[in-house]
Amino acid sequence: MRPYEIELVRVSALRYRMPLKRAYGTARGVTTAGVNFLLQLTAISDGDVVQGVGECQPRHALTGDGDKSRTAAWAFLCAAADRLRGKKLAFSDRAEAINVVRGVMADLNDLAGQHANEANRDRPFRGTLLGVEVALLDAISRTLDLQIAELLGKRRDEIGISISTISSSIGLNRVWDKVVRQERFPMTRVKGVGNLDHDLELLDIVARANRSVGREKPLWIDINEAMNVEGATRLVQCLYERMENGSLPAWVVVEGILPKADVIHLSKLQRLADEQSLAANRAIDLRIMPDEGMWDVNDLKRVNSSGGCRAINIKAPKAGGLLASLDLANAAIAADPDVHICIGGMVGTSDITAWALHNLARALPRVDYLTAVPPRNVEERISSPRVRYVERGSNIIAPQTTPGLGTRLLPDKVAPYVEASYEPSEKTRDEQPHDVRAGHETAAVAQLAATPVAQDVPAATKTIVFAGDTSLGDAYIHRQGGDLQNRLEHDPISFFDGLRSVLSGGDAVILNLETVLAESPTSPFEGKKPYLGWDSPSRTVACLRELGVDAVGLANNHTMDFGDKFLLETIDRLQRAGIQPFGAGESLSAASEPLVLSFDVDGAPRRAYVIAAMQIQSRLRDEFGFYAAKGRAGINGMSRSRLSSKIQAIRDQDPTSLVVVFPHWGRNYQWVSDGQQRAADAFRQAGADLVIGHGAHMLQQCSFGDRHAVVYSLGNFMFNWGGRFGTLGAPPFGLVTRVNLVPARDGWQVGLRLY
């Protein structure tokens, strides 16, 4: 067995408030928004980066998370983040991985007890612990290349949603239409209010509405603790009478009829229902389902000790995690193989929770009801891919196609709703990856950004964003096939989901497009040049436009992979899409033209020039003819003397401008070379303000001097090819650079930020 060890190098938490599109009512009250926490983990495993995300659902007293302010729950999550950061987890197989998670969660349960007060000391912070556990399971299952369901012990692939609940906010006069429209679901579930006459009338309307369109569906009513024992007994008797005479269907589930403190009385109601069913003239199945009184295995034992119920609704935020939920289901089946198992969600949660519950449903020993619908009632969907049905009108959930949880957080989608954020900082400085000295100047350390970019810059600031090597990877992925190809063809923008925030708010966004835009072209260099790259033109252009990319450098070792004809077609496609290509062209004159960005400063233009060039490689020049020349198309070659002259000419003609060199240079997966440092010195002496390079497929060192800076290599932005970070010992990180320009009397005041 292969040993694995992951180290949690980054832990961050967000608190966000998500409004609902439509208010959701129960006997307990009306909900208009959900307040949840998100925990994000970044881990290193054998040189590779794996991430995990989980959604905490602190529903105050309902989940042991304190009062409605959620202050105590948030404080606990921050303490849990402190406890997790830097933790190393070792395992060799699925079983050991599960035990590792159980061990971490046991430690965090102890921590939860330390943060509890008298109100929640019994089972503290269960809703918060759920999100922590899901994030751990996500990261570990990704490390093992398993889905969370597989990590838990997958029992089934296909799962279907049983119901979409009709809330008590819907008046009785509107229930009929709602029921008729719910064609896809095998059951009808409604929220009662705890008034006997109202709730019986509600069920009567539902039954008649279903029959009006030829459907005899089982019914399910959730009372949300609104009755006392006497009222609940009367309700069960009335339901039996209506089921026996046929006015209601022969299968009814009654959930949460009594307060949590009266949970043991549910067994008596189930006994009453069973006795009446035995005396009925037709087969009747009336099941009593605990809700608020059934949190975990201990509650199950308590209910079963007085006779038990014939259905349970497992709520992961009450159990405290997916593993505790699985334990509860296994214990329930062991006690009564005929018990019906439900997996239900909480109002106001995101796709992250839905994916987690669907993974759990695929691993349960039995699942009779699944109520975790795609969260269409929230104002914004904050992860991708979203939970969806396999097709219109179906209740079957589309299968998961990627490891781990199955979805990824979109930071830019959740950003407008964030109320607070936290990341352990006391260890950050000491535990950042150390950079190497960049020759004669001190190297800088870049920090990854997983949260939206802060815009704390003066109002007059102009921002240019530079990103590195970019390709959707059609040429590579088409050879691999499988789930990755399906994702590329159906959801290509999802590859950029975690990167959008660092591009946001820029006046110009520039990246190195290292591919040819063509559909499966034939190369004259087939069998001679390794790694020939192409990407679907329409797909790539659509992604670039959605990302807000303004210009792309083409001076690299892939844009001529299929000859000058396809290079010129790529240039034409980009120009027609409103994306400015530079660094390649129909001749050396065209290829060497810099990108010119013009900004209005007090009514007058102020410019920035970006020069793209690629270092000269003898084989690309002599055998493949990649470099442009007089009368020959190609890429701009990086002649040090010619570029220095170009820089000097710009500086002489436009002394207040910003001059940036955007070179493609360096060896793949290697640190900076002496040749790169000498070239950077020459460009600086000629008048360049910034050198922002790429080409090594990894970040390289940075150097800073008096009024200039060099980022030797940004590395990859989103480069969808199989990397060699682990085998070559290279750090699997790239950089994005945001250049903030504030107008000054004699030019620009420049601020450089690396993410």
Distance-only donor-acceptor pairs under 3.5 Å for side chains of residues 255-266, two or more places apart:
from   : atom 1 : to     : atom 2 : distance (Å)
Glu255 : OE1    : Arg189 : NH2    : 2.7
Glu255 : OE1    : Trp220 : NE1    : 2.9
Glu255 : OE2    : Asn313 : ND2    : 2.7

Do you know the tightest heavy-atom contact between [X] and [Y]?
X      : Y      : value
Ala33  : Pro19  : CB-CA, 3.7 Å
Asn224 : Asp222 : N-OD1, 3.1 Å
Val50  : Ala139 : CG2-O, 4.1 Å

Just by modelled atom types, is the [Y] backbone N or O under 3.5 Å from a matching donor or acceptor in the [X] side chain?
X      : Y      : answer
Thr63  : Lys318 : no
Thr407 : Pro385 : yes
Glu133 : Leu322 : yes
Arg234 : Leu196 : no
Asn210 : Lys217 : no
His358 : Ala372 : yes
Arg59  : Val35  : yes
Trp74  : Phe37  : no
Glu55  : Asn36  : no
Asp199 : Val193 : yes

The criterion is side-chain hydrogen bond (donor to acceptor under 3.5 Å, both in side chains); which residues satisfy it with [X], sequence neighbours excluded?
X      : result
Ser267 : Ser306
Asn245 : Ser247
Asn281 : Glu244

Distance-only donor-acceptor pairs under 3.5 Å for side chains of residues 335-346, two or more places apart:
from   : atom 1 : to     : atom 2 : distance (Å)
Asp336 : OD1    : Asp338 : N      : 3.0
Asp338 : OD2    : Arg287 : NH2    : 3.3
His340 : ND1    : Tyr369 : OH     : 2.7
His340 : NE2    : Arg287 : NH2    : 3.4
His340 : NE2    : Arg366 : NH2    : 3.3

Residues, nucleotides or ligands: over 12 heavy atoms within 6.0 Å of [X] [atom1]:
X      : atom1 : result
Glu230 : CD    : no
Glu216 : CD    : yes
Lys301 : NZ    : no
Lys268 : NZ    : no
Arg388 : CZ    : no

In the structure I gave you, are the side-chain heavy atoms of [X] and [Y] within less than 4.5 Å of one another anywhere?
X      : Y      : result
His198 : Glu201 : no
Thr402 : Asp483 : no
Leu203 : Leu239 : yes
Arg126 : Asn120 : no
Leu84  : Val132 : yes
Gln276 : Val236 : yes
Met187 : Pro218 : yes
Leu364 : Arg156 : yes

Please tabulate, for side-chain N and O atoms in residues 147-154, each donor-acceptor pair with protein atoms closer than 3.5 Å (sequence neighbours left out).
from   : atom 1 : to     : atom 2 : distance (Å)
Gln147 : OE1    : Lys154 : NZ     : 3.3
Gln147 : NE2    : Gln400 : O      : 3.2
Glu150 : OE1    : Gln147 : N      : 2.8
Lys154 : NZ     : Asp157 : OD1    : 2.8

key: Distance-only polar pair, side chains of Asp351 and Ser383, donor-acceptor under 3.5 Å   = no
Residues 106-113, side-chain donor-acceptor partners within the protein, below 3.5 Å, at least two apart:
from   : atom 1 : to     : atom 2 : distance (Å)
Asp107 : OD1    : Arg83  : NH1    : 2.9
Asp107 : OD2    : Arg83  : NH1    : 3.0
Asn109 : ND2    : Met105 : O      : 2.8

message = Check Arg208 with Asp204, please: is the shortest side-chain N to carboxylate O separation under 4.0 Å?
response = yes
message = Under a 4.0 Å threshold between the charged nitrogen and the carboxylate oxygen, would Asp285 count as salt-bridged to Arg310?
response = yes
inquiry  = Going by ring pair (Phe, Tyr, Trp, His ring centres under 6.0 Å), name the pairs with one or both residues in residues 142-180, residues two or more places apart or in two chains.
reply    = none
request  = Just grab all the ring pair (Phe, Tyr, Trp, His ring centres under 6.0 Å) pairs involving residues 274-319, residues at least two apart or on different chains.
outcome  =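 Sorted pair list comes back empty.
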key: Residues in ring-ring contact (aromatic ring centres under 6.0 Å, His included) contact with Tyr16, at least two apart in sequence or another chain   =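 Tyr16: no ring-ring contact (aromatic ring centres under 6.0 Å, His included) contacts found.
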key: Pairwise distance CG(Asp138) to OG1(Thr143) - rounded to 0.5 angstrom   =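 That separation rounds to 9.5 Å.
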request  = Hey, could you give me each pair passing salt bridge (Lys or Arg N to Asp or Glu O under 4.0 Å) that has a residue in residues 391-409? Not counting sequence neighbours.
outcome  =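 Those involving residues 391-409 are Arg408-Asp497.
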message = Using the side chain to side chain contact (heavy atoms under 4.5 Å, CB included) criterion, which residues pair with Asn330? Sequence neighbours excluded.
response =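 Result, side chain to side chain contact (heavy atoms under 4.5 Å, CB included) vs Asn330: Arg155, Leu326, Pro365.
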